[in-house]
Amino acid sequence: MTVLVHSQGADWNQELYRQTVDRVIPDRANPPAGLLAHIGAPGKAGGRQVVDVWESEDAFRRFLEDTLIPAAKEIGAPPFATTVVEVDNTLIP
């Protein structure tokens, strides 16, 4: 089932976000398997937030564990909080 993933990092900034994305998705034309959409933006109270849509929670978890967390640790990135919910409606014009 398709999932919406919302991640927030209060101690993240735009440079750290870009550095991480450059490591985990170096070729934007070749996104990770299962990623349908990715949106990054400033957090309402500071920091950064990311909203992703994934084909499945399994695809997201594989990316998180195999790619994102190791890359974040490698560059010394602070932790981020993530919520995952099932999608029950989509409209992509």
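No hydrogens, no waters, no symmetry mates; every other heavy atom, side chains included, goes into these values. Residue numbers count from 1 along this sequence. Just so it is clear, the model here is predicted, and its values are computed rather than measured.
Using a 4.5 Å heavy-atom threshold, the side chains of W54 and V5 count as touching. Counting only heavy atoms from C-beta outward, the side chains of R28 and D22 approach each other to under 4.5 Å. With a 4.5 Å cut-off on side-chain heavy atoms, S7 and D52 do not count as touching. Side-chain contact between T67 and I25 is absent, with no heavy-atom pair separated by less than 4.5 Å.
For G34 against A59, the heavy-atom pair with the smallest separation is CA-CB, 4.1 Å.
Both I75 and L64 are members of a single hydrophobic cluster when ILVMFWY side chains are connected at heavy-atom separations under 4.5 Å. There is a path of hydrophobic side-chain contacts, each under 4.5 Å, that joins V51 to V85. One hydrophobic cluster, built from ILVMFWY side chains closer than 4.5 Å, holds both L35 and F60. There is a path of hydrophobic side-chain contacts, each under 4.5 Å, that joins V24 to V84. When the side chains of ILVMFWY residues are joined at heavy-atom separations under 4.5 Å, either directly or via intervening members, V50 and L36 end up in two distinct hydrophobic clusters.
Using the six-membered ring where Trp is involved, W12 and F80 have ring planes that are perpendicular, over 60° apart on the 30 and 60° scheme.
Taken from CZ in R18 to CZ in R48, the straight-line distance is 7.5 Å, to the nearest 0.5 Å. Atom CG of residue L68 and atom NZ of residue K73 lie 11.0 Å apart, to the nearest 0.5 angstrom. We find the CD-CG distance between E86 and L4 to be 11.5 Å, quoted to the nearest 0.5 Å.
Within the 3.5 Å criterion, the main-chain N or O of P42 finds a donor-acceptor partner in the side chain of Q49.
A salt bridge links R61 to E57: one of the charged nitrogens lies within less than 4.0 Å of a carboxylate oxygen.
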